[in-house]
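Please read the structure below before turning to the comments.
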Amino acid sequence: MKLLLIHADYMEYEVKEKTKFAEDYQGTGDRVEEVLVAFVSVEKGDNEDVAKKAVEEIKDVAEKVGSKRILIYPYAHLSPNLADPETAIKILKILESEIKDFEVKRAPFGWYKSFRISCKGHPLSELSREIKAEEEVTKALKDEKEIVSFWFILKPDGELVKVKEFNFEGYENLRKFAKYEMEKRRAVDTIPAHVEFMKRLELADYEGASDSGHIRYYPKGRLIKSLLERFVTQKCIEYGAMEVETPIMYDRNHPTLRRYLERFPARQYILSGDKREFFMRFAACFGQFLMLADSTISYRNLPLRIYELTRYSFRKEQRGELVGLRRLRAFTMPDMHTIVKDMEQAMEEFLKQYKLSVEVLKEIGIEPEDYEVAIRVTKDFYEQNKDFLKKIAGFLGKPILLEMWDSRFFYFVLKFEFNFVDSLDKASALSTVQIDVENAERYGIKYVDVDGEKKTPLILHCSVSGAIERVMYALLEKAKFMMDRGKLPMLPVWLSPTQVRIIPVSERFLDKAKEVAEKIEARVDVDDRDETLNKKIRDASMEWIPYIAVIGEKEVQEGKLSVTIRSESDLKEQKRVMMSIEELNERLRRDCEGKPFMPLTLPKLLSLRPSFR
RNA sequence: GCCGCCGUGGCUCAGCUGGCAGAGCGGGUGACUUGUAAUCACCAGGUCGCGGGUUCAAAUCCCGCCGGCGGCUCCA
């Protein structure tokens, strides 16, 4: 809302002609003496809160200038972004009725009027104010503050123990995670390890020219991200999901979507289109649910799974929350939704997707001991399905943090997450699956059952690995743990940008090095720079390259390569092995079995490469 | 969003009781032709995050903004 306040000797206006938005009005105008005139533009997004704040502002000014009379004068020309007429009239009426202790008059809305005003000209006689709505906070975000949680540990044998009574000995990470979830934390003053690594390895960096939480990826980072994206997508498709693609923004006032937004505890980016306002998706739910609502689905098709890799999902997280790759405002997430016909089928799928998530993370290089499991459940669901939860707890054979709610605040009754605990003891969710009991109804998703009746299914939300950026974060943080244990940090071989580096002992062996590079079946590069051997070895090590192959007189004669194997080396002692090209290829095949492969997009010769930072 | 700390060549940082903007790495040029974690020399490179203010004089002091890190809170 825009306000222009003028303290006047008098204000006189004449009502001329109707516009098409005119409210009912009889009369020809008015003249008010000794008055504070409030010219008002009601803007898009203004609501009752704005009106109330405006009331306070106007009263405040009226008191300061010592005016007993106030004239509310609708004046569209203060703003290029006007509210619709109904809202505007509503808000103006609030102003009129809520300004107490003054003599309040109001000029009619939607009429052409002429006016004459005599401004007093003292220092406070002309003021303008802008009043903005508080950023819209969804109901779910508010509710979240009210939730009462009960915390337990679910033991592998299905026994439920209160957190306070659980003996955490031997479960240090679970202790940290439980603490992280339940308590306040103390200050640490270090840059997270992965932020250091993502920059130093030229994987990714902040992009200051974008919003916070939007990242740039250099060639090596993009390669790693692509490989993870492909792998995760491949796993979901193998699991039986159909890949689709849906828009990244939606009408903010679409009734169905709006109600769902209200149920999700996240803040949205808002964008204005020509006529409508849009929000950026925070997940693929919107597009996929709308698609499913328009589909004809038979019980024979169930469980039915659709999948999308969201590049991107947007969440306008609070600024203080954003860190490196751990939490972003734009992120890439595998998002699979499964339609099932009843709770029994839902639980069956839930367990399968739980197992799938374990497998996917394991193949990526994140083992069950690297994360902690959390289960969030309503009391009712828990009481009715104890055996099922016991089965879940048994699968990994480790205790699980269980959060129980008296009533259902969200759209789901059951959810699990795998939480990675990083080098600063921070926990972040990776894989998650939820059983959604609300949205099929809300979106009008139906299936036709055996009896020919249309029925409402249940929906599972599954992010099989969690956000791809967060997977990268976890891998880098894991590398930090390797360092702390005295090992050399590295990425899994299939994700290492350069898998093999060939280093000629001197320029004489450069051609030979290039020749060898052609025969290696991996992402290979050749250090052809005019540097000492020591320098080249050091640089390759700093890049975490899994295999460094040196070639010189000896190697040429023996027809072998002298290969330094990073995973078996440490800072004190390097593991060096004489290997034939075929032996090296065989080893690489084993390292990367079942994983996608993409060539390195950087020039093969190091001398041709720019430095991105 | 709120609170605290931080912001100097491409990178890492020194300079900060106000007084000529520095180093190492990286880059360019030349020498060297190297056997497993940094070869040597020379050269180029800076609106000291941005905008105001105080002062004869500001990287240095003050205010505002932007960005980063940590905390509150929450998630993928």
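Bear in mind that the values here come from a model prediction, so they are computed numbers and not experimental data. In what follows, every chain begins at residue 1, and chains take the letters A, B, ... in the order their sequences are listed.
- Residue-to-nucleotide contacts include no donor-acceptor pair under 3.5 Å from the side chain of A:R613 to the base of B:C11.
- Side-chain polar atoms of A:D335 and A:T310 form no donor-acceptor pair below 3.5 angstrom.
- In this structure, CD of A:E573 is placed 13 Å from C1' of B:U36, rounded to the nearest angstrom.
- B:G10 and B:G30 have their P atoms separated by 25 Å, given to the nearest Å.
- As rounded to whole Å, 16 Å separates atom C1' of B:A76 from atom CD of A:E477.
- Residue side chain A:R470 reaches the base of B:C75 through a donor-acceptor N/O pair under 3.5 Å, judged by distance alone.
- Distance CZ (A:R501) to C1' (B:G35): 18 Å, rounded to an integer number of Å.
- A donor-acceptor pair shorter than 3.5 Å cannot be found between the side chains of A:W544 and A:S496.
- The distance between atom CD of A:E202 and atom P of B:G27, rounded to the nearest whole Å, is 11 Å.
- Checking A:R222 against A:S226 by side-chain atom types alone, a donor-acceptor pair falls below 3.5 Å.
- With hydrogens and angles ignored, no donor-acceptor pair closer than 3.5 Å exists between the side chain of A:R315 and the base of B:C75.
- In this structure, A:S611 reaches neither bases nor backbone, as no heavy-atom distance under 4.0 Å exists between it and the strands shown.
- If you check every strand for non-hydrogen atoms under 4.0 Å, A:S465 touches nothing.
- Nucleotide B:G70 is matched to B:C3 when pairs are restricted to Watson-Crick or G-U wobble geometry with both distances under 3.5 angstrom.
- Between A:F150 and A:W405, the ring center distance fails the sub-6.0 Å criterion.
- Take the nearest nucleotide of RNA chain B for A:S541 and for A:D211: the residue whose nucleotide is more 5' is A:S541.
- The base of B:C72 sits within donor-acceptor range of the side chain of A:E321, with an N or O pair under 3.5 Å.
- Remark: A:D370 engages A:K478 in a salt bridge, criterion side-chain N to carboxylate O under 4.0 Å.
- When rounded to the nearest whole Å, the span between CD of A:Q268 and P of B:C75 equals 14 Å.
- The C1' atoms of B:C66 and B:G52 are separated by 15 Å, rounded to the nearest whole Å.
- Remark: A:K426 is in phosphate contact with B:G71, judged by side-chain N or O atoms under 4.0 Å from OP1 or OP2.
- Between A:V550 and A:E507, the residue anchored nearer the 5' end of RNA chain B, judged by the nucleotide with its closest heavy atom, is A:E507.
- For B:A59, there is no paired base (Watson-Crick or G-U wobble, both distances below 3.5 Å).
- Between B:G26 and A:K535, a contact under 4.0 Å exists linking OP1 or OP2 to a side-chain N or O.
- Each of B:G35, B:A76, B:U36 was ranked by its minimum atom distance to the side chain of A:E553; first place goes to B:G35.
- One atom, CZ of A:R609, and another, P of B:G27, lie 13 Å apart when rounded to the nearest Å.
- Across the strands present, B:U47 finds no partner; the criterion is a Watson-Crick or G-U wobble pair with both atom distances under 3.5 angstrom.
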Please determine whether salt bridge (Lys or Arg N to Asp or Glu O under 4.0 Å) holds for the pair A:K415 and A:E417, giving the CA-CA distance in whole Å, both sets of side-chain angles, and the decisive distance to 0.1 Å. CA-CA 7 Å; A:K415 156 186 191 183; A:E417 298 145 28; 3.2 Å; yes
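- Nearest nucleotide to the A:E317 side chain, out of B:U34, B:A76, B:U36: B:A76.
- One C1' atom belongs to B:G7, the other to B:C50, and the distance between them is 11 Å to the nearest Å.
- Taking atom P in both B:U29 and B:G68, one finds a spacing of 36 Å when rounded to whole Å.
- Using a 4.0 Å heavy-atom cutoff across all strands shown, A:K199 reaches no nucleic acid atom at all.
- For the residue pair A:Q288 and A:H337, a side-chain donor N or O sits within less than 3.5 Å of a side-chain acceptor on the partner.
- Using a 4.0 Å heavy-atom criterion, one finds that A:L322 contacts the sugar-phosphate atoms exclusively.
- You'll find that the side chain of A:R508 is closest to B:U34, out of B:G68, B:U34, B:A76.
- Judged by distance alone, with hydrogens and angles left aside, A:Q574 brings a side-chain donor or acceptor within reach of the base of B:A37, the pair sitting under 3.5 Å.
- With B:A76, B:A37, B:G70 as the candidates, the nucleotide lying closest to the side chain of A:M333 is B:A76.
- The closest side-chain donor-acceptor pair between A:Y307 and A:T233 falls under 3.5 angstrom.
- For A:Q434 and B:A76, the shortest distance from a side-chain N or O to OP1 or OP2 is below 4.0 Å.
- For B:C20 and B:U34, the P atoms lie 49 Å apart once the distance is rounded to whole Å.
- One can place CD of A:E531 at 16 Å from P of B:C32, the figure rounded to the nearest angstrom.
- Here B:G70 is the nucleotide among B:U34, B:U36, B:G70 with the atom lying nearest to any side-chain atom of A:R326.
- Dashed line: the shortest gap from a side-chain N or O of A:K415 to OP1 or OP2 of B:A76 is under 4.0 Å.
- Residue A:V471 is out of contact with every strand shown, counting any heavy-atom pair closer than 4.0 Å.
- Put simply, CZ on A:R529 is 13 Å from C1' on B:C25, counting in whole angstrom units.
- Between A:E369 and A:K398 no salt bridge is recorded (no basic side-chain N to carboxylate O distance below 4.0 Å).
- Within the 4.0 angstrom heavy-atom criterion, no nucleotide atom of any strand lies near A:A284.
- Comparing the same atom, P, in B:G46 and in B:G18 gives a spacing of 28 Å after rounding to whole Å.
- Base pairing annotation: B:C11 forms a Watson-Crick or G-U wobble pair with B:G24, both donor-acceptor distances under 3.5 Å.
- Comparing B:U36, B:G70, B:A38 by their nearest atom to the side chain of A:S562 picks out B:U36.
- Closest contact between the side chain of A:L488 and the listed nucleotides B:G35, B:A37, B:A38 involves B:A37.
- Minimum heavy-atom separation, A:G552 to A:V505: CA-CG2, 3.8 Å.
- Taking every side-chain heavy atom of A:D530 into account, B:U33 is the closest of B:A37, B:G35, B:U33.
- Counting any heavy atom pair closer than 4.0 Å across all strands shown, A:R200 reaches no nucleic acid atom.
- As rounded to the nearest Å, B:C6 and B:C13 have C1' atoms that lie 14 Å from one another.
- The base of B:G35 lies close enough to the side chain of A:E555 for a donor and an acceptor atom to sit less than 3.5 Å apart.
- Checked against B:G68, B:U34, B:A76, the side chain of A:S506 finds its nearest nucleotide in B:U34.
- When distances are taken from the side chain of A:N534 to each of B:A37, B:G70, B:G71, the shortest belongs to B:A37.
- Comparing B:A58 with B:G71, their C1' atoms are spaced 33 Å from each other, to the whole Å.
- B:U39 and B:A31 make up a base pair, with Watson-Crick or G-U wobble contacts both under 3.5 Å.
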